[in-house]
Amino acid sequence: MVDTNAHAVSMAEDETNSGFSHDEGGSSADETSHNGPASAGAKRKRTKHQKTSPLSSCELCKARKVKCDRAEPACGWCARHNRACVYLERQKPGSRIGFTLELEAKVNRVDALLQTLWRRVEDHIAHDHSASAVHTLSPAVRNHNTQQIVRVPAPPDANGPPRPVALPAGTPAPQGRTPVARSSPPWQGPDDSHDGLPGGARTSIPGPPTSLPMGANDSSFHNHSNPASRVAGGAREGSSSLSGGTDLPPHDMIYTLVDLYFKHCNTWCPILDRKSTFGVFFGSTSLSEVDRVLLHAIVATTLRFLKDPRLSPEMRAHYHAVSKHAVMIYAMEHVSVAALKALVILSLDELGTSNGPRGWNLLSLLAQNVRQLGLCDESSTYLSAGAGDLPHTGSVRRVTVGRPESWIEDEGRRRVCWMVYLLDRYATVATTTFDFMLDDGKMKRVLPCSYDLFSRNVPVETRSLEPTPDRQGGAAFAVDKPENLGSFSYHCEILRILSQVHDFLKTPLDVSSPTDMAGWRNTYRSLDSALDNWLQSLPSEYSRISALCHSDPASRVANWFMLHSAYVTAVVRLHSPAAYPTVRSHIFVPSHYAMQRCLSAVHSLADITQDVYEADGLDLVGPPFAFSLWIAARLLIVHAAVVGCAVDAKVDFFMDILGHVGQYWEVANNYARILARVVQRGRRREMSFGAMRKSAHDLLSLTAAARRSGLEETSSQSVSLGELDSIDVFDFFNYPKVAHGQTGILQQGMPGVGGDVRDSAVPDPERDWLRYSTPFP
């Protein structure tokens, strides 16, 4: 009786745990009636599988959805029907369902990929190969070309995703787009440290789907042979699904890319709201044309952070090229705030690859669009006109941008304008000779608010940009609500000061005139005070960034590290001309105070960078941080050139960190390679750092000379890679800009080059011509 009751309990538990319903077509009483002594000697087959749990049923009973008596070596039903009885190890609840969904997702992806490839083959044959041209080729050439068109993917592995396929030869591929695999650190944040993030967000975000839609957006792949043209052309026909075809990655990969954008880029480029953006991309409605273009911009910029085994280097290059082309074509044909947002995000990709002509052209387009859309002003009245009433004249600019429908939209426009301002400042300061594309005098936007208030759509006041005189003769802001400011607000303020420093240093100076030098010294002191006041205006918890990181390594303050690097850039830019002038006079000599300010800022940045590196957060800082490291490393080389000493060992640390950042932003690799070549030449004594600086100065002076007549002959001078490296390292510190008629002073000699060793010594703090009561020893 005890055994019977235990057997009944076992059967009940098995039915409950297996998740199968009772089969009405079979009777459990009928099965148990055959399990008596009469059938005990029946022929039964023993299998190699052994029952591992008393609660498991055999596979045939599970398939028939009936109760199993779990007799060994075979259950009653299997013995009666002379069937092989197999017992398998029990799986965890839900595991079979998860396996089925995973397998279905893989099959869907492979099927969608095969359909896309077949369409690409048809387009390739229809548009690129006429019948007569094909017949003129030899069989060997035709076979070779066919192999270049497509390679059919191998069947998916049971333990992994399907392997990617090759693309047609001629698919454009950008340079340096493959990031190195790296685990994501746990700390990072949006604009402010108290905001939620992926994995800890306050709002509910829809998760990625488990499979791809079949046949999505098929109609957009039959009209154009160029993949990028299909994106632009197909999008104009109306809304479309999120993925499908070859213009965008799979749906689940897109979700990951958008999430990576908010983790790695939106922290220091906070122009998008996370909750609303995910709602648009992964909501129930299909994407509009402009939403799809914005998604292309995110994909092109964030592919560098994606670690997905399905994405081969060829596919990565393909998706990047297609997305970049789609955004550029749309931005050229549309002048709107939405197009401007996509172009700003794409500019992060371009400026993070190289600070060259392509990036400058993109910035020119951004700045022009900001001016055309009137985003530099806090407009109060907007003109509106019907679609049929829009003129094809200059007045169309007045009605291009309508009234913002909500405060979050108005704040979004403000953030886009300020982000273009920031990118313009970083790119222009790096060249040292260009003018800003957005003039400070016409930048009349109030500062953006903290990201937390922006994402919660809370209308607040912040701070006006220009201070107004108060009754006591000091300075006061017309609107000043510091409690509503965030790191992005302070970043705009520090770059405003950096803009003033850049304009100040571009003005030619007569170093032999006491009057000019007195005016220069007064402006210098006022800018120095502005930097100190800005630093004191930071919230108390962020005035000690390094200590905060040490006390709590998981603090999500990546954006505040970026802010500190911007401060170091401004300090070095202001004080390095006084510390390491390229032209000497009886008045303009190296300043001890300015030199110590530069070295202190560089050492501070080294400490902060060490904290970021130890917290595994170098993938969260962007190209502006790499630019600050580049300036700091060059300052150490300039110091060695002027003082006549060995370069500080911290330059190796900066080069190593730039190499780590270069895993994601190629421009950092460019900086590291130039520094390595220059430092190596100096340490091998191929040329001293002082000689390198003088060589760069002479070449820059030579190219600055202008012809007096259009009939005057021109000349060309070849330069070596080492000379170009010297220009890249020392041009940033080429100051003062001598006024017209003062070029003879250049022949007086440069500090650290030739002459007595005492000319290259550290300046005397007691004889500092700036007349500071310096706190430095």
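Side-chain atoms of Arg316 come within 3.5 Å of backbone N or O of Leu306 as a donor-acceptor pair. Of the possible donor and acceptor atoms, one in the side chain of Arg415 sits under 3.5 Å from a partner among the backbone N and O of Pro270. A donor-acceptor pair is defined here as one N or O able to donate and one able to accept, closer than 3.5 Å; such a pair exists between the side chain of Ser455 and the backbone of Asp452. Distance alone, capped at 3.5 Å, is enough to place a donor-acceptor pair between the Arg445 side chain and the Leu375 backbone. Looking only at distances, no side-chain donor or acceptor of Ser604 sits under 3.5 Å from a matching main-chain atom of Ser600.
By the 4.5 Å heavy-atom criterion applied to side chains, Val337 and Leu373 are counted as neighbours. Looking only at side-chain heavy atoms (C-beta outward), Val335 and Gln368 stay at 4.5 Å or farther from each other. Side-chain contact between Asp252 and Thr256: absent, with no pair of heavy atoms (C-beta onward) separated by less than 4.5 Å. Side-chain contact between Phe627 and Asn355 is absent, with no heavy atoms from C-beta onward closer than 4.5 Å. The shortest distance between side-chain heavy atoms of Ile494 and Leu531 falls below 4.5 Å. For the pair Tyr671 and Phe654, the minimum side-chain heavy-atom distance is 4.5 Å or more. Between His334 and Val293, the closest side-chain pair of non-hydrogen atoms is not below 4.5 Å. Using a 4.5 Å heavy-atom cutoff, the side chains of Arg371 and Leu438 are in contact.
In this pair, Tyr426 and His491 present their aromatic rings perpendicular. The plane angle is above 60°, beyond the 30 to 60° band. By the 30° and 60° cut-offs, the orientation of the rings of Trp360 relative to Phe434 is perpendicular. Using cut-offs of 30° and 60° for the angle between ring planes, the Phe278 and Tyr255 rings count as perpendicular.
Between Leu362 and Glu350 the shortest heavy-atom distance is CD2-CB, 4.0 Å. Scanning both residues, Thr301 and Cys265, for their nearest heavy atoms gives CG2-SG, 4.2 Å. Residue His320 comes nearest to Ala300 through the heavy atom pair CD2-O, 3.2 Å, listed as atom of the first residue, atom of the second, then distance. When all heavy atoms of Ile298 and Val258 are compared, the pair lying nearest together is CG2-CA, 4.1 Å. Between Thr462 and Asn484, the shortest heavy-atom distance links the atoms CG2-O, 4.2 Å. Pro623 approaches Leu351 most closely through the heavy-atom pair CB-O, 4.4 Å.
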* To do: I would like to know whether Leu248 and Met253 meet side-chain contact (heavy atoms from CB on, under 4.5 Å); could you show each step before the answer?
  => CA-CA 9 Å; Leu248 285 171; Met253 196 179 294; over 6 Å; no
* To do: Take Thr267 and Tyr451 through the side-chain contact (heavy atoms from CB on, under 4.5 Å) test and state the conclusion after the steps.
  => CA-CA 9 Å; Thr267 52; Tyr451 190 86; over 6 Å; no
* **Audit row: Cys417, Met443, side-chain contact (heavy atoms from CB on, under 4.5 Å) steps and yes/no** => CA-CA 9 Å; Cys417 178; Met443 190 70 181; 3.2 Å; yes
* To do: Start with the C-alpha gap between Trp407 and Phe454, add the side-chain angles, then the distance that decides, and say whether ring-ring contact (aromatic ring centres under 6.0 Å, His included) holds.
  => CA-CA 9 Å; Trp407 183 86; Phe454 169 58; 7.1 Å; no
* **Criterion side-chain contact (heavy atoms from CB on, under 4.5 Å) on Leu272 and Ile345, from CA distance to verdict** => CA-CA 10 Å; Leu272 298 181; Ile345 295 175; 3.7 Å; yes
* Start with the C-alpha gap between Ser628 and His564, add the side-chain angles, then the distance that decides, and say whether side chain to side chain donor-acceptor pair (under 3.5 Å) holds. => CA-CA 10 Å; Ser628 298; His564 183 81; over 6 Å; no
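Residues passing the salt bridge (Lys or Arg N to Asp or Glu O under 4.0 Å) test with Asp532, sequence neighbours excluded: Arg597. Applying the salt bridge (Lys or Arg N to Asp or Glu O under 4.0 Å) rule to Arg425 yields the partners Asp440; only residues at least two apart in sequence or on another chain are considered. Here Trp534 pairs with Tyr567 under the ring pair (Phe, Tyr, Trp, His ring centres under 6.0 Å) rule; sequence neighbours left out.
The pair Asp259-Arg274 meets the salt-bridge criterion, with a side-chain N (NZ, NE, NH1 or NH2) lying under 4.0 Å from an Asp/Glu carboxylate O. Classification of Glu411 and Arg414 as a salt-bridged pair holds, one side-chain N sitting under 4.0 Å from a carboxylate O. Using a cutoff of 4.0 Å between basic side-chain nitrogens and carboxylate oxygens, Glu666 and Arg304 are not scored as salt-bridged.
Glu405 CD: 12 or fewer foreign heavy atoms inside a 6.0 Å radius.
Atom CD of Glu493 sits about 5.5 Å away from atom OG of Ser537, to the nearest 0.5 Å. The distance from atom CZ of Phe488 to atom CG of Leu563, rounded to the nearest 0.5 Å, is 11.5 Å. The CH2 atom of Trp268 lies 12.5 Å from the OG atom of Ser487; values are rounded to the nearest 0.5 Å. If you take CG on Leu422 and CE on Met562, they are separated by 9.0 Å, rounding to the nearest 0.5 Å. Once rounded to the nearest 0.5 Å, the distance linking CG of Leu658 with CZ of Phe625 reads 9.0 Å. For the atom pair CG of Asp424 and OG of Ser347, the computed distance is 11.0 Å after rounding to the nearest 0.5 Å.
Aromatic rings of His296 and Tyr330 (six-membered ring for Trp) have centroids beyond the 6.0 Å cut-off, not under it.
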